[in-house]
Amino acid sequence: MEVNPLNIFFVKSDSKGDRLLFRYPYTLENKDERKQEKCGRHNPYAINITEDLLQNPQSQTSNICKGQLSGFTDEMLSTLFAVKAELCNRKFELKVNDVRFVGHPTLLPYRTNKDDTAAMILINIVFALQASASHSIVKCYYDLSKRLGKALRHEEKRCSYLTEEMKIMLAAHDELSTLDGEVNSGENDEENSRHSVSSTTYSTDNWIDDSPKNAFHLILQRRIVQVRINKWVLLSFCLPQKAHQMHNKGLIIEPETIDKCVDPNDLLASIPLDSSQALLRLIKAYSPLKSLQTLAIEADISLTQMLSEFSLPAPLWYVCRSGVSTGEWGPRGGVRGGAGGSGAGRLARRVAWLLRRRLLLQLHTYVQFNSPHWPRQRSHGHPEHDGPEYFCEKHDSYYQSSNVSYSSLNHLQLNVPEPVEARDNVNSFPDSDEDYPTQNNLNQTDFSHTKPIVIESENTKFDDFQVDSANHSFEGVDVIDGLIKTHVTDFDKEKQTNSIDSGISPKVNGNIENDDNKTKLFNTSTYNNYETPNKQSVSFDSGISNTNRVLRNVHNETNGVNPEKTMTSRLSDGSLRDYSENRDTSSDEDVSPRQKYNGYGCDRRHGVSLNLKLQRYFRGEQHLEEIMFMENVTRSQLMQLLDKFKDVLITFETEDPAVAMLYPYQ
Amino acid sequence: MFSEALETRYYEGCGREGPIRCIFLSEFHPVAGPKIACQFPEDYISKEDFDSISTYIIPKPPMQKCTMTINALGHKIVGYPIRIDNSRYERNMYLFNLCFICDSWSKTVQYEPVVKKLGEHLTLMEEETRFVSNGSSKMPTLLAHLLHDLNTYRRATLIEGDTVMHLKVVEVRQDPPAVHDFDVPVLVSSVGLPQPGRPRSNSPEGSEMQSKEHLDVEHDELFVIDMDADWDLTTKQLLPLINGYNHVAKISTDTKIQNALVKSCIQNLVYYGVVTLIPVLKFSNIYRATTKLCRLFHDPDMQKSCLAFINKGDDKTSLAEVLRILCALQQGTTLRTVCERHAVDSNPFCIRRLVVFAQLHGLIRCLKRYPVIVRSPSRPNGLISNLDQMFHVRRLFTGLHCADEICCMANIDLPTLDQMIDDDPNVSVIWR
């Protein structure tokens, strides 16, 4: 599997030269086997060609043999990984045939024995991966290498740990190589000494060997690394690609395990000691049958805190995720007759278990406004409308980003209660690549990997808004609303030419210009940047107020201040264009255009206003439970509404896009 | 894999191809060590930069003849180091490497075969005429020519003395999936734009200005299949039968072409994005919406192409009705039921084409049935001979084969299989 590393290496380079100190897993290239293989294919009647002079010897095209790295000697590797000083403290990436080596060469002061003058030593912890592994995986391993390097640097500084360990390792190497050199001679020499190198590293019970080795094993087994270097520095790391696909392998499931959901003790055991008390409370209070709200109340933390401050480690998140929609159970996705049980609670537990293991897929009902008029209007009425590009791009981005990228995982955690926020965050995820080290930020301490970037950005957004909302508008849009960029073409194009891999900076300017551009295009509805930040602030606020279950006034805000226009504008923009041109939709609350359209009288007033209030959800992006949660309506109210307006509202069932990507068929 | 549609920035791992920025030839000088013998454009890579990465350009002798890519200092350098052992050289060997430099964000796999081929040709030329080591004056022109042609046309033909080099940058695509008997190939082009399976704008507007020449022209081209073009013989025979309804086995029997041949041919077409595979359209199938269905709501382009594709002739189809039908396709509702409920026959469009369209674009997906034995059945004593066929079919009820597959494998028709599943209380069906 391309997620797994092939090998891990530890190379040092100092004034005494470079040396490969550690290599794991160590495999003997079994020459006997190869010989046998050759014999097997050998035709006894063929003429034995000793040497083919005419043909160029076939060059080696693969360095992976049976899932193991092959064809590199220790010397070759140590020269490759002992990089020049110019390449230190930045990403090292080398691809040889089908193997990709990634590491973070770390330069650190090193105390030699005799005097106390510090010399510099270079250490490089390199992972060998399959070249086909995706960039996100490579990045993760790079990050791990960097962390290991940093931890070692710290330990070296603190108690010259590295010096001691290296002394032991070098001594072991030397001892064994001389020993083997005496015993063996001739061509086997090299092989044997290499063998001994590995056996030394096994036998020496030191930590520097153990920690990378442990890390390697942990990656293979659990995709989560938690090691203490020198029993002091805690290093934790998670390979999301692996962690989230863990259950996809063909596990054989014992029926009795179905009734056991997550064992809280397991989870508690996996949490570091210094974690927050509230998190512990949360785990203790957890049950798959509780909704997030109940959980928050029981654990005595606010919902926003629960979602933002705790990064909600992956297992917990799934748990929450499946916990959110209690009451909507039903083995719809499959396994007919499999999940029959006694009692609803038991069934629910089983279904929760199945969902968690991704053996069952939960489908949600989404609502979409479907006017009989809109298609033609779109296609014929406004051909110059720049819709096609715009909308299409936008949606592509939503879906692709949420389906594919692993890093959006973190972001999507927030999808449960605040879909608006979450979506924005999805858009902002490519920014996480910004902190990818280029030449500029060599010394940044980037341990941000397990920390969801979302939360930071959310907080800052919120702060920004509090402090200075006017200023916020441009920055916010830029980071959050990637979609606007694609829409505005010319200016950005020019910008692009200058800034190939630069970050946001040029676009900040770009957006100011964009506004003019866009207001031209969208004259009728003010679908533009100005409102986006407002929208965010409101939705963020509403997220908070949700916890307190006061959301009644959102409606008023929505229609009065019109911050939600961006949400609804598309609806009113496209589908109700003719109406909205004639009347001011935003001003009249209850005399909905659709009311006219449907020909319903005033007795429908309530339904209509509810419809108006909810219309921003009728774009097939939030499912019923989300709507219920966001707007504090009951299921029956919603169902009534759907029934009332069944001419124009259609429902469809599909999986939640955030969850969908975790399923193997995606 | 990554979202390419929106992302206009270039960052490492964006997975996009970039142009070749520079081509240089470096060699191991007997006195000066590794150095750049010739580069085009001049001074693209500085002496200092080269020195810090020269280990990877001219590696130690054991590492030869392998494609090495080093990504450092903002450059991504693809090389193929070569050593020629000959006593006529000062050190009894000559080390050289012809490298391509790209931007560090770009994908370079596609250049690897080119670099390798070039290296091998140069080896030949070096052995014959010492073309490389002599520091030929033709080298700069050669490199300039190469750079220009590869970036512009993605192919180049170099003629130098007796050696003719034909080089082409071949796009590396993902391996196509296996083609089964029960798969149905659909011509992608016939379904109109936007093309399924490909990001709509692989090369975003922003990048085109910057480097129009290097980005795939193919992606933006209107994809029309010319039946008279130079298709190979098998493909020529197959193409008329690829209509979105015929499955592979049927195509194979109809054209009297060997099944394996048809499969590999279709697989080839899949690889190049000419066709995609969908499950057989049956009215007993259950379809359900995917998350991509939303796209049809908001993307007028797609709406247009959908209506154009499903229309029987007149322009009266209302999108609302189409959407209503698509949304009605749900878990537990067969296509037949939906058709009956919505009186599809009276509609001015073709429901079959709608299903094909929606599947191609991933708006809906077909749920397949996987029969599985949930309880081990009581063995019939001594009557096995009678139930022989049944027995063989039942062996396939592992939950790993879908109903279509079982039909193909056991050579029975679907009603028989349905009957078998219904009759047997030990068999459950997983829909997925």
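The sequence lines fix the lettering, A, B, ..., with proteins before strands; numbering per chain opens at 1.
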Check your understanding: Counting heavy-atom pairs under 4.5 Å to chain A, which of B/E321, B/K76, B/K60, B/R324 comes out on top?
Key -> B/R324
Point to revise | Ring center gap for A/F101 and A/F72 short of 6.0 angstrom | key: yes
Check your understanding: Which bit of A/L87 comes within less than 4.5 Å of chain B, counting heavy atoms only: side chain, backbone, both or neither?
Key -> side chain
**Study point:** From CG (A/D98) to OG1 (B/T67), nearest 0.5 Å
**Key:** 8.0 Å
**Study point:** Residue part contacting chain B, namely of A/V83, when any heavy atom lies under 4.5 Å
**Key:** both
Revision key, fill the gap. The interface call for A/L80 against chain B, heavy-atom contacts under 4.5 Å, is both
Check your understanding: Between A/F652 and B/F297, how do the two ring planes meet: parallel, tilted or perpendicular, split at 30° and 60°?
Key -> tilted
Revision key, fill the gap. Scored by heavy-atom pairs under 4.5 Å with chain A, the best of B/T108, B/V109, B/L293 is B/L293
Exercise for review: Could you check B/E120 against B/Y80 for side-chain hydrogen bond (donor to acceptor under 3.5 Å, both in side chains), going step by step and ending with a plain yes or no?
Suggested key: CA-CA 9 Å; B/E120 270 157 10; B/Y80 187 73; 3.1 Å; yes
Check your understanding: Checking B/D49 against chain A: side chain, backbone, both or neither under 4.5 Å from a heavy atom?
Key -> neither
Point to revise | Geometric class of the A/F92/B/Y56 ring pair [parallel <30°, tilted 30-60°, perpendicular >60°] | key: tilted
